[in-house]
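So the structure is just underneath, and the comments pick up after that.
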Number of protein chains: 2
Amino acid sequence: MNSSAIEIEKAAVILKLLGDKTRLTMLKMLDTHDYCVCEFVAIFKVSQPAISQHVRKLKDAGLVRETRKGQWIIYSLNRESDDFPFVQSLIHHLPNQDFKLEELEVQGLRISCD
Amino acid sequence: MNSSAIEIEKAAVILKLLGDKTRLTMLKMLDTHDYCVCEFVAIFKVSQPAISQHVRKLKDAGLVRETRKGQWIIYSLNRESDDFPFVQSLIHHLPNQDFKLEELEVQGLRISCD
DNA sequence: TAAGCATATAACGATTAACTTATATAATAA
DNA sequence: TTATTATATAAGTTAATCGTTATATGCTTA
(Lines give C-alpha, C1' and ligand atoms only; values in the text may rest on other atoms or scores of the structure.)
Protein backbone atom coordinates (compact mmCIF):
# COMPACT_ATOMS: atom_id res chain seq x y z
CA MET A 1 0.00 0.00 0.00
CA ASN A 2 1.01 3.56 -0.46
CA SER A 3 0.00 7.05 0.52
CA SER A 4 -1.69 7.63 -2.83
CA ALA A 5 -3.11 4.14 -3.38
CA ILE A 6 -5.50 3.48 -6.20
CA GLU A 7 -7.89 0.57 -6.42
CA ILE A 8 -6.46 -2.21 -8.48
CA GLU A 9 -9.50 -2.39 -10.77
CA LYS A 10 -9.32 1.33 -11.42
CA ALA A 11 -5.59 1.14 -12.03
CA ALA A 12 -6.13 -1.64 -14.57
CA VAL A 13 -8.69 0.48 -16.41
CA ILE A 14 -6.28 3.41 -16.58
CA LEU A 15 -3.37 1.25 -17.64
CA LYS A 16 -5.43 -0.31 -20.41
CA LEU A 17 -6.39 3.17 -21.53
CA LEU A 18 -2.73 4.23 -21.59
CA GLY A 19 -1.59 0.96 -23.11
CA ASP A 20 -2.03 2.58 -26.49
CA LYS A 21 0.87 4.42 -28.05
CA THR A 22 -1.27 7.27 -29.36
CA ARG A 23 -3.08 7.96 -26.09
CA LEU A 24 0.04 7.55 -24.00
CA THR A 25 1.93 9.99 -26.21
CA MET A 26 -0.96 12.46 -26.05
CA LEU A 27 -0.94 12.35 -22.28
CA LYS A 28 2.80 12.89 -22.10
CA MET A 29 2.51 15.79 -24.54
CA LEU A 30 -0.20 17.34 -22.38
CA ASP A 31 2.18 17.23 -19.44
CA THR A 32 4.04 20.21 -20.91
CA HIS A 33 1.53 21.94 -23.23
CA ASP A 34 -2.14 22.10 -24.02
CA TYR A 35 -3.14 20.94 -27.47
CA CYS A 36 -6.11 21.32 -29.73
CA VAL A 37 -7.51 18.36 -31.62
CA CYS A 38 -6.30 19.68 -34.94
CA GLU A 39 -2.73 19.63 -33.67
CA PHE A 40 -3.07 16.03 -32.60
CA VAL A 41 -4.45 15.28 -36.04
CA ALA A 42 -1.41 16.94 -37.63
CA ILE A 43 0.98 15.00 -35.38
CA PHE A 44 -0.41 11.49 -35.40
CA LYS A 45 -0.76 9.41 -38.51
CA VAL A 46 -4.41 8.61 -38.07
CA SER A 47 -7.63 10.22 -39.20
CA GLN A 48 -9.43 13.04 -37.41
CA PRO A 49 -12.21 10.73 -36.16
CA ALA A 50 -9.60 8.37 -34.73
CA ILE A 51 -8.04 11.25 -32.81
CA SER A 52 -11.45 12.36 -31.66
CA GLN A 53 -12.16 8.89 -30.32
CA HIS A 54 -8.85 8.74 -28.48
CA VAL A 55 -9.30 12.07 -26.73
CA ARG A 56 -12.86 11.11 -25.87
CA LYS A 57 -11.62 8.05 -24.04
CA LEU A 58 -9.11 10.14 -22.11
CA LYS A 59 -11.84 12.63 -21.30
CA ASP A 60 -14.37 9.96 -20.27
CA ALA A 61 -11.78 8.61 -17.84
CA GLY A 62 -11.41 12.09 -16.39
CA LEU A 63 -7.72 12.31 -17.28
CA VAL A 64 -8.06 15.31 -19.56
CA ARG A 65 -10.36 18.29 -19.79
CA GLU A 66 -11.58 20.22 -22.77
CA THR A 67 -12.25 23.90 -23.14
CA ARG A 68 -13.73 25.37 -26.22
CA LYS A 69 -11.93 28.37 -27.68
CA GLY A 70 -14.06 29.51 -30.55
CA GLN A 71 -14.06 26.79 -33.13
CA TRP A 72 -11.21 24.95 -31.45
CA ILE A 73 -11.35 22.59 -28.55
CA ILE A 74 -8.30 22.66 -26.35
CA TYR A 75 -7.38 19.64 -24.31
CA SER A 76 -5.39 19.84 -21.10
CA LEU A 77 -4.30 17.46 -18.37
CA ASN A 78 -6.80 17.25 -15.54
CA ARG A 79 -4.45 17.66 -12.62
CA GLU A 80 -7.39 17.66 -10.22
CA SER A 81 -8.27 14.06 -11.01
CA ASP A 82 -8.03 11.63 -8.10
CA ASP A 83 -5.97 9.47 -10.41
CA PHE A 84 -3.57 12.21 -11.39
CA PRO A 85 -0.80 11.21 -8.96
CA PHE A 86 -0.85 7.73 -10.43
CA VAL A 87 -0.87 8.99 -13.99
CA GLN A 88 1.79 11.56 -13.29
CA SER A 89 4.25 9.15 -11.74
CA LEU A 90 3.73 7.02 -14.82
CA ILE A 91 4.33 9.66 -17.46
CA HIS A 92 7.25 10.95 -15.45
CA HIS A 93 9.19 7.97 -16.78
CA LEU A 94 8.51 8.84 -20.40
CA PRO A 95 10.75 10.94 -22.62
CA ASN A 96 9.60 14.49 -23.24
CA GLN A 97 7.60 14.86 -26.45
CA ASP A 98 8.10 18.56 -27.12
CA PHE A 99 10.00 17.71 -30.29
CA LYS A 100 6.63 16.90 -31.84
CA LEU A 101 5.57 20.48 -31.31
CA GLU A 102 8.80 21.69 -32.89
CA GLU A 103 8.18 19.42 -35.87
CA LEU A 104 4.77 21.00 -36.28
CA GLU A 105 6.25 24.48 -36.21
CA VAL A 106 8.92 23.58 -38.73
CA GLN A 107 6.26 22.24 -41.05
CA GLY A 108 4.12 25.32 -40.52
CA LEU A 109 1.34 23.16 -39.20
CA ARG A 110 1.25 24.72 -35.78
CA ILE A 111 -2.13 26.33 -35.41
CA SER A 112 -2.46 29.20 -33.01
CA CYS A 113 -5.43 28.07 -31.04
CA ASP A 114 -5.20 30.90 -28.57
CA MET B 1 12.57 13.09 -19.60
CA ASN B 2 13.72 11.32 -16.53
CA SER B 3 16.72 9.47 -15.17
CA SER B 4 15.03 6.14 -15.80
CA ALA B 5 13.24 6.94 -19.05
CA ILE B 6 11.61 4.22 -21.07
CA GLU B 7 10.74 4.40 -24.74
CA ILE B 8 7.16 5.40 -25.24
CA GLU B 9 6.42 2.39 -27.47
CA LYS B 10 7.84 0.03 -24.91
CA ALA B 11 5.93 1.74 -22.11
CA ALA B 12 2.70 1.36 -24.08
CA VAL B 13 3.35 -2.36 -24.52
CA ILE B 14 3.93 -2.80 -20.79
CA LEU B 15 0.91 -0.72 -19.86
CA LYS B 16 -1.30 -2.74 -22.17
CA LEU B 17 0.05 -5.89 -20.57
CA LEU B 18 -0.74 -4.55 -17.11
CA GLY B 19 -4.06 -3.10 -18.20
CA ASP B 20 -5.62 -6.38 -17.20
CA LYS B 21 -6.87 -6.84 -13.68
CA THR B 22 -5.58 -10.38 -13.35
CA ARG B 23 -2.07 -9.67 -14.58
CA LEU B 24 -1.82 -6.43 -12.65
CA THR B 25 -2.87 -8.17 -9.46
CA MET B 26 -0.41 -10.97 -10.10
CA LEU B 27 2.42 -8.51 -10.48
CA LYS B 28 1.50 -6.69 -7.30
CA MET B 29 1.28 -10.01 -5.45
CA LEU B 30 4.73 -10.93 -6.72
CA ASP B 31 6.07 -7.73 -5.23
CA THR B 32 5.88 -9.31 -1.77
CA HIS B 33 5.90 -13.08 -2.39
CA ASP B 34 6.71 -15.65 -5.01
CA TYR B 35 3.81 -17.75 -6.20
CA CYS B 36 3.36 -21.01 -8.02
CA VAL B 37 0.84 -21.30 -10.81
CA CYS B 38 -1.44 -23.50 -8.75
CA GLU B 39 -1.78 -20.73 -6.16
CA PHE B 40 -2.76 -18.26 -8.85
CA VAL B 41 -5.30 -20.78 -10.06
CA ALA B 42 -6.73 -21.06 -6.56
CA ILE B 43 -6.90 -17.29 -6.19
CA PHE B 44 -8.29 -16.11 -9.50
CA LYS B 45 -11.66 -17.14 -10.83
CA VAL B 46 -10.43 -18.37 -14.18
CA SER B 47 -9.27 -21.70 -15.50
CA GLN B 48 -5.75 -23.08 -15.20
CA PRO B 49 -5.01 -22.52 -18.90
CA ALA B 50 -6.11 -18.90 -18.56
CA ILE B 51 -3.66 -18.43 -15.68
CA SER B 52 -0.94 -20.15 -17.66
CA GLN B 53 -1.52 -17.77 -20.54
CA HIS B 54 -1.39 -14.72 -18.28
CA VAL B 55 1.90 -15.69 -16.65
CA ARG B 56 3.32 -16.54 -20.05
CA LYS B 57 2.64 -13.01 -21.22
CA LEU B 58 4.32 -11.57 -18.16
CA LYS B 59 7.26 -13.91 -18.71
CA ASP B 60 7.53 -13.14 -22.44
CA ALA B 61 7.73 -9.45 -21.55
CA GLY B 62 10.56 -10.24 -19.15
CA LEU B 63 8.67 -8.95 -16.12
CA VAL B 64 8.65 -12.25 -14.26
CA ARG B 65 10.89 -15.28 -14.08
CA GLU B 66 10.07 -18.89 -13.51
CA THR B 67 12.00 -21.52 -11.61
CA ARG B 68 10.95 -25.11 -11.48
CA LYS B 69 10.79 -26.68 -8.04
CA GLY B 70 9.96 -30.29 -8.66
CA GLN B 71 6.51 -30.45 -10.16
CA TRP B 72 5.82 -26.82 -9.36
CA ILE B 73 6.85 -23.76 -11.28
CA ILE B 74 7.46 -20.75 -9.12
CA TYR B 75 7.07 -17.30 -10.54
CA SER B 76 8.92 -14.29 -9.18
CA LEU B 77 9.35 -10.64 -10.11
CA ASN B 78 12.31 -10.07 -12.40
CA ARG B 79 13.91 -7.17 -10.59
CA GLU B 80 16.80 -7.21 -13.04
CA SER B 81 14.59 -6.20 -15.96
CA ASP B 82 15.43 -2.88 -17.61
CA ASP B 83 11.76 -2.05 -17.20
CA PHE B 84 11.61 -2.91 -13.53
CA PRO B 85 11.95 0.69 -12.28
CA PHE B 86 8.98 1.65 -14.42
CA VAL B 87 6.92 -1.33 -13.30
CA GLN B 88 7.88 -0.87 -9.69
CA SER B 89 6.90 2.77 -9.53
CA LEU B 90 3.59 1.72 -10.99
CA ILE B 91 2.77 -1.12 -8.63
CA HIS B 92 3.96 1.01 -5.76
CA HIS B 93 0.65 2.85 -6.04
CA LEU B 94 -1.42 -0.30 -5.69
CA PRO B 95 -2.79 -1.68 -2.43
CA ASN B 96 -0.97 -4.65 -0.98
CA GLN B 97 -2.50 -7.98 -1.99
CA ASP B 98 -1.24 -10.17 0.82
CA PHE B 99 -4.80 -10.71 1.98
CA LYS B 100 -5.19 -13.06 -0.97
CA LEU B 101 -2.49 -15.26 0.49
CA GLU B 102 -4.23 -15.20 3.85
CA GLU B 103 -7.49 -16.20 2.20
CA LEU B 104 -5.73 -19.15 0.63
CA GLU B 105 -4.35 -20.21 3.99
CA VAL B 106 -7.73 -19.90 5.69
CA GLN B 107 -9.26 -22.07 2.99
CA GLY B 108 -6.44 -24.58 3.30
CA LEU B 109 -5.56 -24.04 -0.34
CA ARG B 110 -2.08 -22.76 0.33
CA ILE B 111 0.28 -25.22 -1.26
CA SER B 112 3.77 -25.46 0.14
CA CYS B 113 5.74 -25.13 -3.03
CA ASP B 114 9.05 -25.00 -1.24
C1' DT C 1 -28.15 33.16 -44.23
C1' DA C 2 -24.76 30.38 -46.50
C1' DA C 3 -20.09 28.62 -46.71
C1' DG C 4 -16.17 26.83 -44.46
C1' DC C 5 -13.44 24.99 -40.83
C1' DA C 6 -13.12 22.13 -36.46
C1' DT C 7 -14.82 18.46 -34.07
C1' DA C 8 -17.99 14.59 -32.89
C1' DT C 9 -20.79 10.64 -33.85
C1' DA C 10 -22.43 6.55 -36.49
C1' DA C 11 -21.68 2.47 -38.70
C1' DC C 12 -18.88 -0.99 -40.12
C1' DG C 13 -14.75 -4.16 -40.87
C1' DA C 14 -10.38 -6.14 -39.42
C1' DT C 15 -7.60 -7.43 -35.78
C1' DT C 16 -6.58 -8.59 -31.16
C1' DA C 17 -7.58 -10.33 -26.66
C1' DA C 18 -9.38 -13.28 -23.23
C1' DC C 19 -11.71 -16.86 -22.13
C1' DT C 20 -13.19 -21.86 -22.68
C1' DT C 21 -12.47 -27.21 -23.43
C1' DA C 22 -9.49 -30.77 -24.88
C1' DT C 23 -5.09 -32.53 -24.96
C1' DA C 24 0.01 -32.75 -24.42
C1' DT C 25 4.15 -32.61 -21.56
C1' DA C 26 6.86 -33.06 -17.36
C1' DA C 27 7.76 -34.45 -12.78
C1' DT C 28 6.52 -37.44 -8.81
C1' DA C 29 4.89 -41.34 -6.35
C1' DA C 30 2.93 -45.92 -6.02
C1' DT D 1 5.55 -48.89 -15.47
C1' DT D 2 1.31 -46.67 -14.44
C1' DA D 3 -1.30 -43.20 -12.11
C1' DT D 4 -1.43 -38.64 -10.39
C1' DT D 5 -0.47 -33.89 -10.10
C1' DA D 6 1.22 -29.50 -12.17
C1' DT D 7 1.67 -26.87 -16.07
C1' DA D 8 1.60 -25.72 -21.07
C1' DT D 9 -0.23 -25.68 -25.65
C1' DA D 10 -3.85 -25.99 -29.29
C1' DA D 11 -8.02 -24.77 -31.17
C1' DG D 12 -12.15 -22.43 -31.21
C1' DT D 13 -15.62 -18.71 -29.64
C1' DT D 14 -16.94 -14.30 -28.25
C1' DA D 15 -16.15 -9.67 -27.17
C1' DA D 16 -13.48 -5.62 -27.30
C1' DT D 17 -10.54 -2.45 -29.75
C1' DC D 18 -8.89 0.45 -33.36
C1' DG D 19 -9.06 2.00 -37.51
C1' DT D 20 -11.74 3.56 -41.58
C1' DT D 21 -15.51 6.42 -44.38
C1' DA D 22 -19.67 8.99 -44.23
C1' DT D 23 -22.25 12.26 -41.97
C1' DA D 24 -23.79 15.45 -38.29
C1' DT D 25 -23.02 19.35 -35.24
C1' DG D 26 -21.22 23.81 -33.84
C1' DC D 27 -18.75 28.00 -34.35
C1' DT D 28 -17.10 31.77 -37.40
C1' DT D 29 -16.98 34.72 -41.14
C1' DA D 30 -18.52 36.66 -45.51
Side-chain angles (χ1 to χ4, degrees), chain A residues 8-9 12-27 29-30 34-61 63-76 104 108-114, chain B residues 8-9 12-27 29-30 34-61 63-76 104 108-114:
Chain A
I8 217 153
E9 287 87 354
V13 169
I14 290 176
L15 295 182
K16 184 188 287 180
L17 194 64
L18 300 187
D20 175 276
K21 190 187 159 187
T22 302
R23 287 191 296 267
L24 184 61
T25 306
M26 282 177 167
L27 217 64
M29 289 168 71
L30 291 172
D34 293 352
Y35 283 88
C36 76
V37 174
C38 59
E39 290 171 322
F40 282 142
V41 171
I43 286 167
F44 295 101
K45 292 172 197 65
V46 290
S47 64
Q48 175 269 319
I51 294 296
S52 188
Q53 287 156 19
H54 281 305
V55 294
R56 186 185 216 280
K57 287 182 184 183
L58 292 174
K59 194 186 62 167
D60 286 350
L63 302 188
V64 304
R65 281 198 289 215
E66 59 175 43
T67 30
R68 184 174 274 279
K69 275 229 177 104
Q71 55 191 327
W72 295 290
I73 297 183
I74 313 293
Y75 283 90
S76 56
L104 269 198
L109 294 172
R110 177 87 161 115
I111 291 162
S112 80
C113 303
D114 48 332
Chain B
I8 217 153
E9 288 87 354
V13 168
I14 290 176
L15 295 181
K16 183 187 288 179
L17 194 65
L18 300 187
D20 175 277
K21 191 187 158 187
T22 302
R23 286 191 296 265
L24 185 62
T25 305
M26 283 177 168
L27 217 64
M29 289 169 69
L30 290 173
D34 293 352
Y35 283 87
C36 75
V37 173
C38 60
E39 290 172 320
F40 283 142
V41 171
I43 286 166
F44 295 101
K45 291 173 199 65
V46 290
S47 64
Q48 176 268 319
I51 294 296
S52 188
Q53 288 156 17
H54 281 306
V55 293
R56 186 185 216 280
K57 286 182 183 183
L58 292 174
K59 194 185 64 167
D60 286 350
L63 302 188
V64 305
R65 279 199 290 214
E66 60 175 42
T67 30
R68 184 174 275 279
K69 275 233 176 101
Q71 55 190 327
W72 294 290
I73 297 182
I74 313 294
Y75 282 89
S76 56
L104 269 198
L109 293 172
R110 176 85 162 117
I111 290 162
S112 78
C113 304
D114 48 332

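Below, read A as the first sequence line, B as the second, and so on, with proteins coming before strands; counting in each chain starts at 1. What's counted below: heavy atoms across the whole structure, side chains too, no hydrogens, waters or symmetry copies.
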(message) Applying a 4.0 Å non-hydrogen cut-off, can you work out what K57(A) is touching in the nucleic acid: base, sugar-phosphate, or nothing?
(response) sugar-phosphate
(message) Nearest whole Å is fine: how far is dA8(C) C1' from D60(A) CG?
(response) 12 Å
(message) I'd like to know whether I51(B) forms a side chain to side chain contact (heavy atoms under 4.5 Å, CB included) with M26(B), so could you lay out the CA-CA distance, the side-chain angles of the two residues, the decisive distance to 0.1 Å, and finally the verdict.
(response) CA-CA 10 Å; I51(B) 294 296; M26(B) 283 177 168; 3.8 Å; yes
(request) To the nearest 0.5 Å, tell me how far R68(A) CZ sits from I74(A) CD1. (result) 10.0 Å
(request) Please report, rounded to the nearest Å, how far the C1' atom of dT17(D) is from the CG atom of L15(B). (result) 17 Å
(request) Using the test side chain to side chain contact (heavy atoms under 4.5 Å, CB included), find all partners of S47(B) that sit at least two apart in sequence or belong to another chain. (result) P49(B), A50(B)
(request) Would you mind reading off the distance between M26(A) atom CE and dC18(D) atom P, rounded to a whole angstrom? (result) 12 Å
(request) Scan nucleotides 19-30 of chain C nucleotide by nucleotide, 5' to 3', and note B when protein non-hydrogen atoms come under 4.0 Å of the base, S if they reach only the sugar-phosphate, - if neither. (result) BBBB----SS--
(message) Is R56(A) close enough to dA8(C) that one of its side-chain N or O atoms is under 4.0 Å from OP1 or OP2 there?
(response) no
(request) Write down the distance between CG (L17(A)) and C1' (dA17(C)), rounded to a whole number of angstrom. (result) 17 Å
(message) Could you tell me how far apart K16(A) (NZ) and dA17(C) (P) are, to the nearest whole angstrom?
(response) 11 Å
(request) Rounded off to whole Å, could you give me the CD1-to-C1' distance for the I73(A) and dT28(D) pair? (result) 14 Å
(request) Verify the ring-centre separation between F40(B) and Y35(B): is it less than 6.0 angstrom? (result) yes
(message) Using a heavy-atom cut-off of 4.0 Å across all strands, would you classify Y75(B) as base, sugar-phosphate, or nothing?
(response) sugar-phosphate
(request) Could you state the atom-to-atom distance from CD of E66(A) to C1' of dA6(C) in whole Å? (result) 13 Å
(message) Base, sugar-phosphate or nothing for K59(B)? Non-hydrogen atoms, less than 4.0 Å.
(response) nothing
(request) Work out how much the helix from dT1(C)-dA30(D) to dA30(C)-dT1(D) bends between its end axes, five pairs an end, to the nearest 10 degrees. (result) 10°
